[in-house]
Amino acid sequence: MGSESVYEIIEELPEFSHEATSLITADQAMRLRAVPLRLQGSRLVVAMLDPDDDAAADELSVTAGRPITRNRVDENLLRELLRVGYGTTAADMAAQLGGEESADMDSTLANLEAIDADELHRMAEQPTLINLVNLIILEAIRSRTSDIHIEPFEQTLSVKYRVDGVLHEQNPPPKRLQPAITSRIKIMAGMNIAERYVPQDGHITLRFEGRKVDIRVSTVPTIYGESVVMRILDKDAIKLDLEALGMSEDHRKTMDRMINLPHGMVLVTGPTGSGKTTTLYASLMRLFSPTKKIITIEDPVEYELSGINQIPVNPKRGLTFATGLRSILRQDPDVIMVGEIRDGETAEIGVRSALTGHLLFSTLHTNDAVSAVGRMIDMGIEPYLLASVLEGILAQRLGRRIRPDARHEIELDEATQHRLMPDELKLFEREDGRYVGYEGRGSGKDGDTGYEGRIGYFELLELNGPLRAAISDRKNAGELLRLAPKSHRTMRTDGLLKASRGLTTVDNVLRATQDADMGEA
């Protein structure tokens with residue numbers, strides 16, 4: 001497994017030897033960021049993005065069965081080498097498999113009820129099928145996909161990637177590969193492949209380009225087979241920083257004040273998928289210090305945070321949010337994060353922990369910030385206790401972020417103008433009387449839409465004296481809002497300010513915040 005201390009740098013596309021590329025599979029080449037080029041005597045010449053990656057070099061050498069010579073390439077050339085050297089994508093491989101007329105995968109296999117578990121297992125262990133599933137996952141990670149949806153229908157098997165909140169349909173694999181693909185994913189996730197008629201949850205951990213990626217897998221039975229959703233949790237692809245999430249400077253300063261308090265309760269609200277957990281993680285990382293004991297209880301633990309004790313909920317073994325929170329209080333914590341307040345018991349323990357000298361963060365499912373007060377009271381919390389411990393409530397939604405180099409001005413059409421209030425419309429008014437917003441325009445190549453990542457729209461309600469008194473007096477949401485600090489702005493206003501600066505689109509803001517507007521009415 002010899003290697004060389006000085007690496008030749010490849011700057012132009014070299015010639016390939018089929019004999020060399022056949023020694024390493026396409027998914028392995030993508031995972032290790034290395035492409036075999038040719039045989040040189042007994043050695044295999046390989047182009048690598050990081051030729052100092054000894055673990056990758058050793059794996060290549062073992063797989064090829066010969067020592068390797070490493071060369072260095074940049075990322076753009078590596079992509080071209082992968083394309084030319086293998087010329088395969090998940091769609092290509094699925095098409096090739098679909099064209100194979102083999103006894104292993106004939107059309108009768110589309111009928112899941114006719115296949116026993118042993119047959120499913122054998123199908124799922126075929127090397128070509130393994131490579132296909134690996135490619136589906138690897139291409140998704142590379143394209144910044146948050147969720148992979150594999151949906152069975154009567155005549156087709158649909159594969160979709162959710163990128164920046166929008167589903168994009170991929171070229172579908174043949175319908176007859178459905179049982180093998182589903183079974184392969186279930187094996188990877190440690191699920192029961194023999195059970196096809198009840199929902200299951202599983203977990204996959206893999207390494208991609210030198211980093212760890214966790215994937216949560218969920219299956220549910222439908223009339224045409226199991227629907228599979230894989231949630232990709234790629235910590236390195238997300239910046240756990242409030243500024244990177246799109247929080248404006250005044251909101252960050254307010255959050256800093258709240259998260260540096262010695263005790264109290266801070267709530268983050270919004271629907272599923274609105275980025276609540278990411279915001280809480282960013283807040284924890286902001287206040288992290290070796291002098292503080294920070295413990296979380298989550299369902300599930302989405303990202304592993306260095307230096308923070310994280311507990312996964314396990315209801316089957318009696319570990320719920322409430323029981324876990326009780327145990328956490330005996331661990332002498334300074335800061336506690338509860339993944340979600342779902343019931344009165346958890347709410348009560350959380351409030352009492354905030355009363356007894358702990359800083360507690362948690363989430364609620366409410367449309368806007370002020371509605372969290374009513375939800376906590378509905379769970380049985382005494383208003384005077386809530387008023388004394390609650391420090392702030394952050395409500396949020398996510399929208400698509402326009403990539404700066406793809407930002408283009410557009411004139412707002414009349415329909416959009418009519419949806420905006422006069423004060424909101426002024427944000428987009430130009431000197432010539434036109435109303436101008438922005439949109440992303442990508443090249444259209446390789447899925448380039450002109451948008452990259454998500455941006456948060458926030459409503460941050462910091463409690464003051466009048467608000468605490470109003471909560472104690474059981475005032476309604478409208479009265480509470482009237483007592484909010486003058487600097488308070490709604491989620492919709494926050495989003496429209498960002499749209500006026502070209503960070504997102506007006507349509508995105510209006511769509512994402514329409515339920516919050518109803519909550520504020």
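- Of the possible donor and acceptor atoms, none in the side chain of Ser362 sits under 3.5 Å from a partner among the backbone N and O of Gly339.
- A donor and an acceptor atom, one from each side chain of Thr69 and Gln40, are nowhere located under 3.5 Å apart.
- Smallest separation of non-hydrogen atoms from Ile68 and Arg43: O-NH2, 2.7 Å.
- One distance of note links CG of Leu359 with CE of Met258; it measures 10.0 Å at 0.5 Å rounding.
- Looking only at distances, a side-chain donor or acceptor of Ser61 sits under 3.5 Å from a matching main-chain atom of Arg66.
- Checked by atom type and distance alone, the side chain of Arg216 never pairs as donor or acceptor with a backbone atom of Arg231 at under 3.5 Å.
- Taking 4.0 Å as the cut-off between side-chain N and carboxylate O, Asp164 and Arg454 do not count as a salt-bridged pair.
- Between Ile148 and Ala140 the shortest heavy-atom distance is CD1-CB, 3.5 Å.
- Judged by distance alone, with hydrogens and angles left aside, the side-chain atoms of Asp448 form a donor-acceptor pair with the main-chain N or O of Gly450 at under 3.5 Å.
- From Leu280, atom CG reaches atom CE of Met285 across 13.5 Å, with rounding to the nearest 0.5 Å.
- A donor-acceptor contact shorter than 3.5 Å is absent between the side chain of Arg403 and the backbone of Ala406.
- Residues passing the side chain to side chain donor-acceptor pair (under 3.5 Å) test with Arg511, sequence neighbours excluded: none.
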Set out, in order, the CA-CA distance, both residues' side-chain angles and the distance that settles side chain to side chain contact (heavy atoms under 4.5 Å, CB included) for Ile295 and Ile311, then state yes or no.
CA-CA 8 Å; Ile295 306 181; Ile311 304 169; 3.8 Å; yes

Do Lys186 and Glu226 pass the salt bridge (charged side-chain N to carboxylate O under 4.0 Å, His left out) test, and can you show the C-alpha distance, the side-chain angles, and the key distance before you say yes or no?
CA-CA 11 Å; Lys186 291 171 74 173; Glu226 289 174 284; 2.9 Å; yes

Would Lys212 and Asp234 count as a salt bridge (charged side-chain N to carboxylate O under 4.0 Å, His left out) here? Give the steps.
CA-CA 7 Å; Lys212 179 181 172 185; Asp234 186 357; over 6 Å; no

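- Under the salt bridge (charged side-chain N to carboxylate O under 4.0 Å, His left out) criterion, Glu452 pairs with no residue at all, not counting sequence neighbours.
- Among residues two or more places apart in sequence or in another chain, the side chain to side chain donor-acceptor pair (under 3.5 Å) test is passed with Asp494 by Arg489, Lys498.
- Residue Lys292 places its NZ atom among more than 12 non-hydrogen atoms of other residues, nucleotides or ligands, all under 6.0 Å distant.
- Taking Ser143 as the reference, Thr145 meet the side chain to side chain donor-acceptor pair (under 3.5 Å) condition, with sequence neighbours excluded.
- Tyr7 does not carry Arg70 over the face of its six-membered ring by the limits of under 6.0 Å from the centre and within 45° of the normal.
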Test log, rule side chain to side chain contact (heavy atoms under 4.5 Å, CB included), inputs Met255 and Met247
CA-CA 10 Å; Met255 280 295 291; Met247 189 173 284; 3.7 Å; yes

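- The heavy-atom pair separating Thr505 from Tyr438 by the smallest distance is CG2-O, 3.5 Å.
- Applying the side-chain hydrogen bond (donor to acceptor under 3.5 Å, both in side chains) test between Gln396 and each of Thr513, Thr279, Thr269 identifies Thr279 as the sole match.
- Qualifying side chain to side chain donor-acceptor pair (under 3.5 Å) partners for Ser42, counting only residues two or more places apart in sequence or in other chains: none.
- Ion pairing of Glu151 with Lys160 is present here, as a side-chain N (NZ or NE/NH1/NH2) and a carboxylate O approach within less than 4.0 Å.
- A donor-acceptor pair under 3.5 Å is absent between the side-chain atoms of Tyr435 and the main chain of Leu427, judged by distance alone.
- What you find for Gln200 and Glu195 is that their closest heavy atoms are NE2-O, 2.9 Å.
- A salt bridge is absent between Arg397 and Glu459; no separation between the charged side-chain nitrogens and carboxylate oxygens falls under 4.0 Å.
- Atom CD of Glu304 is surrounded by 12 or fewer heavy atoms from other residues, nucleotides or ligands within 6.0 Å.
- A donor-acceptor pair under 3.5 Å links the side-chain atoms of Asn508 to the main chain of Arg400, judged by distance alone.
- Under a 3.5 Å cut-off, the side chain of Thr63 and the backbone N or O of Leu60 do not form any donor-acceptor pair.
- The line from OH of Tyr224 to CD of Gln155 is 8.5 Å long, rounded to the nearest 0.5 Å.
- Asp214 is listed as a side-chain neighbour of His203, based on a closest heavy-atom distance under 4.5 Å.
- Checked for salt-bridge contact, Asp241 and Lys239 miss the test: no charged N lies under 4.0 Å from a carboxylate O.
- When atom types are taken as modelled, the side chain of Thr182 and the backbone of Pro179 share no donor-acceptor pair closer than 3.5 angstrom.
- Taking the side chain as every heavy atom from C-beta outward, Thr277 and Val268 never approach each other to under 4.5 Å.
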Test Asp147 against Ile232 for side chain to side chain contact (heavy atoms under 4.5 Å, CB included), laying out the working first.
CA-CA 6 Å; Asp147 302 85; Ile232 298 173; over 6 Å; no

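- To the nearest 0.5 angstrom, Ile308 atom CD1 is 14.5 Å from Tyr303 atom OH.
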List the steps and the verdict of side chain to side chain contact (heavy atoms under 4.5 Å, CB included) for Asp201 and Val217.
CA-CA 6 Å; Asp201 294 306; Val217 183; over 6 Å; no

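- No hydrogens or angles considered: nothing links the side chains of Glu19 and Ser17 as a donor-acceptor pair under 3.5 Å.
- Remark: Pro312 engages Val301 in a side chain to side chain contact (heavy atoms under 4.5 Å, CB included) (not counting sequence neighbours).
- Thr156 and Ser158 share no donor-acceptor pair across their side chains, judged by distance under 3.5 Å alone.
- Without hydrogens or angle criteria, Asp299 side chain to Val313 main chain gives no donor-acceptor distance under 3.5 Å.
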Is there a salt bridge (charged side-chain N to carboxylate O under 4.0 Å, His left out) between Arg434 and Asp432 once you walk through the steps?
CA-CA 6 Å; Arg434 293 182 306 129; Asp432 58 5; 2.8 Å; yes

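- Interatomic distance, CG of Leu510 versus OH of Tyr457, reported as 9.0 Å (0.5 Å rounding).
- The two residues Lys276 and Gly270 come nearest to each other via the heavy atoms NZ-O, 3.1 Å.
- Note that the CD atom of Glu411 and the CD atom of Glu409 stand 10.0 Å from one another [nearest 0.5 Å].
- Two residues are said to be in side-chain contact when any heavy atoms from C-beta on lie closer than 4.5 Å; Val509 and Thr504 meet this criterion.
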Yes or no on salt bridge (charged side-chain N to carboxylate O under 4.0 Å, His left out) for Arg31 and Glu59, after CA distance, side-chain angles and deciding distance?
CA-CA 11 Å; Arg31 178 169 56 82; Glu59 183 177 335; 2.5 Å; yes

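- Minimum heavy-atom separation, Leu129 to Ala180: CD1-O, 3.5 Å.
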